[in-house]
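Step one of this worksheet: look at the structure below.
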Amino acid sequence: MALTQWTNAMEWLAAAAQDPRTCKNDWQHGTTGIHLLGAGRFWDVLVVPTCLGLRAADLLDGIPRLNPGPALLDDRRQHVGFFLPPEPATTWIGQGTRYVTRGGWIATPAPHCRWGDLRWLCPPDGSGTLNAPEAMERVLSRAMDEVVRSHGARHHKHELPHRIANTPRSRARG
């Protein structure tokens, strides 16, 4: 990661911290410093099980002319988080899936951190590039098909993560 790109990525991520100055200071002085960053302003995060998320990240990376957005691996919790554009009127549902939006927080390491229990599979590039929700739905569907085919349906009876609009009617049912 080039210095300018890393600096831009650090600025972009730290802007979502409660104390951006402290966050940037930690990261500039060589620590991987895990910080809680607020979701819903610059991005939302779709969190899926690792078995699905790792394959989805590979598939995103293989789409020609698509610059994938940030993806974060949490080895301890066995999840992958994909940074998406904020969509307050949308929810993602599926077994083992969480959608972190306004009012939620996500733990993140420095943008250069590609090792450890919490690390970037695809680090932020500093330009604000995010994962497209439509592309996420496609790669998650394909990843689920591949996981089921390779491990068998009885091991992966997960509901495929997908988006739904939060309409007054759907909120009343929830």
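Computed from a predicted model, the values in this text were never measured in an experiment. If you read the sequence from its start, that first residue is 1, and numbering goes on from there.
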Worksheet item: Just by modelled atom types, is the D125 backbone N or O under 3.5 Å from a matching donor or acceptor in the N8 side chain?
Response: no
Practice prompt. Check step by step if side chain to side chain contact (heavy atoms under 4.5 Å, CB included) holds for I106 and L36.
Written response: CA-CA 5 Å; I106 187 101; L36 286 176; over 6 Å; no
Practice prompt. Measure the CG-CG distance between L140 and D145 for me, rounded to the nearest 0.5 Å.
Written response: 11.0 Å
Fill in: W120: which of W115, F82, F83, W6 passes ring pair (Phe, Tyr, Trp, His ring centres under 6.0 Å)
F83
Worksheet item: If only atom types and distance count, is the side chain of T97 paired as donor or acceptor with the main-chain N or O of V48 below 3.5 Å?
Response: no
Discussion item. Rounded at 0.5 Å granularity, tell me how far CG in N67 sits from OG in S127.
Written reply: 7.5 Å
Item to complete: Begin with the C-alpha distance, continue with both residues' side-chain angles, and end with the deciding distance and a verdict on side chain to side chain contact (heavy atoms under 4.5 Å, CB included) for L46 and L84.
Response: CA-CA 7 Å; L46 173 63; L84 305 172; 3.7 Å; yes
Worksheet item: Tell me, which pairs form a side-chain hydrogen bond (donor to acceptor under 3.5 Å, both in side chains) where one or both residues lie in residues 51-64, sequence neighbours left out?
Response: R55-E146
Discussion item. Checking R138 now: which residues fulfil side-chain contact (heavy atoms from CB on, under 4.5 Å) with it, not counting sequence neighbours?
Written reply: E134, A135
Fill in: Minimum heavy-atom distance between P124 and A9, given as atom pair plus value
O-CB, 3.4 Å
Worksheet item: Roughly how far apart are M136 CE and L59 CG, rounded to 0.5 Å?
Response: 9.5 Å
Practice prompt. State, yes or no, whether a side-chain contact exists between C122 and P70 at a heavy-atom distance under 4.5 Å.
Written response: no
Worksheet, complete the sentence: All heavy atoms of R119 vs all of L72, minimum pair found to be O-CD1, 3.4 Å
Discussion item. Are W105 and V100 linked, directly or through intermediate hydrophobic residues, by side-chain heavy-atom contacts shorter than 4.5 Å (ILVMFWY only)?
Written reply: no
Worksheet item: Does any non-hydrogen side-chain atom of L73 lie less than 4.5 Å from one of L118?
Response: no
Worksheet item: Can you name the residues that form a salt bridge (Lys or Arg N to Asp or Glu O under 4.0 Å) with R77, not counting sequence neighbours?
Response: D74
Discussion item. List the residues meeting salt bridge (Lys or Arg N to Asp or Glu O under 4.0 Å) with D117, not counting sequence neighbours, and say none if there are none.
Written reply: R76
Discussion item. Measuring only between side-chain heavy atoms, which start at C-beta, is P133 closer than 4.5 Å to P85?
Written reply: yes
Practice prompt. Mark yes when over 12 heavy atoms from residues, nucleotides or ligands other than R98 sit less than 6.0 Å from its CZ; otherwise mark no.
Written response: no
Discussion item. Can you confirm if the aromatic rings of W27 and H35 lie within a centre distance of less than 6.0 Å?
Written reply: yes
Worksheet item: Going hydrophobic residue to hydrophobic residue with side-chain gaps under 4.5 angstrom, can you get from V45 over to F42?
Response: yes
Item to complete: Apply side-chain hydrogen bond (donor to acceptor under 3.5 Å, both in side chains) to D44 and list each qualifying residue two or more places apart in sequence or on a separate chain.
Response: Y99, T101
Please tabulate, for the side chains in residues 10-21, all donor-acceptor contacts under 3.5 angstrom to protein atoms that are two or more places apart in sequence or on a different chain.
| unit_1 | atom_1 | unit_2 | atom_2 | d |
| --- | --- | --- | --- | --- |
| E11 | OE1 | K24 | NZ | 3.3 |
| D19 | OD1 | R21 | N | 3.4 |
| D19 | OD1 | T22 | N | 3.4 |
| D19 | OD2 | T22 | OG1 | 2.5 |

Worksheet item: Can you check side chain to side chain contact (heavy atoms under 4.5 Å, CB included) on W92 and V47, steps first, answer last?
Response: CA-CA 9 Å; W92 287 73; V47 181; over 6 Å; no
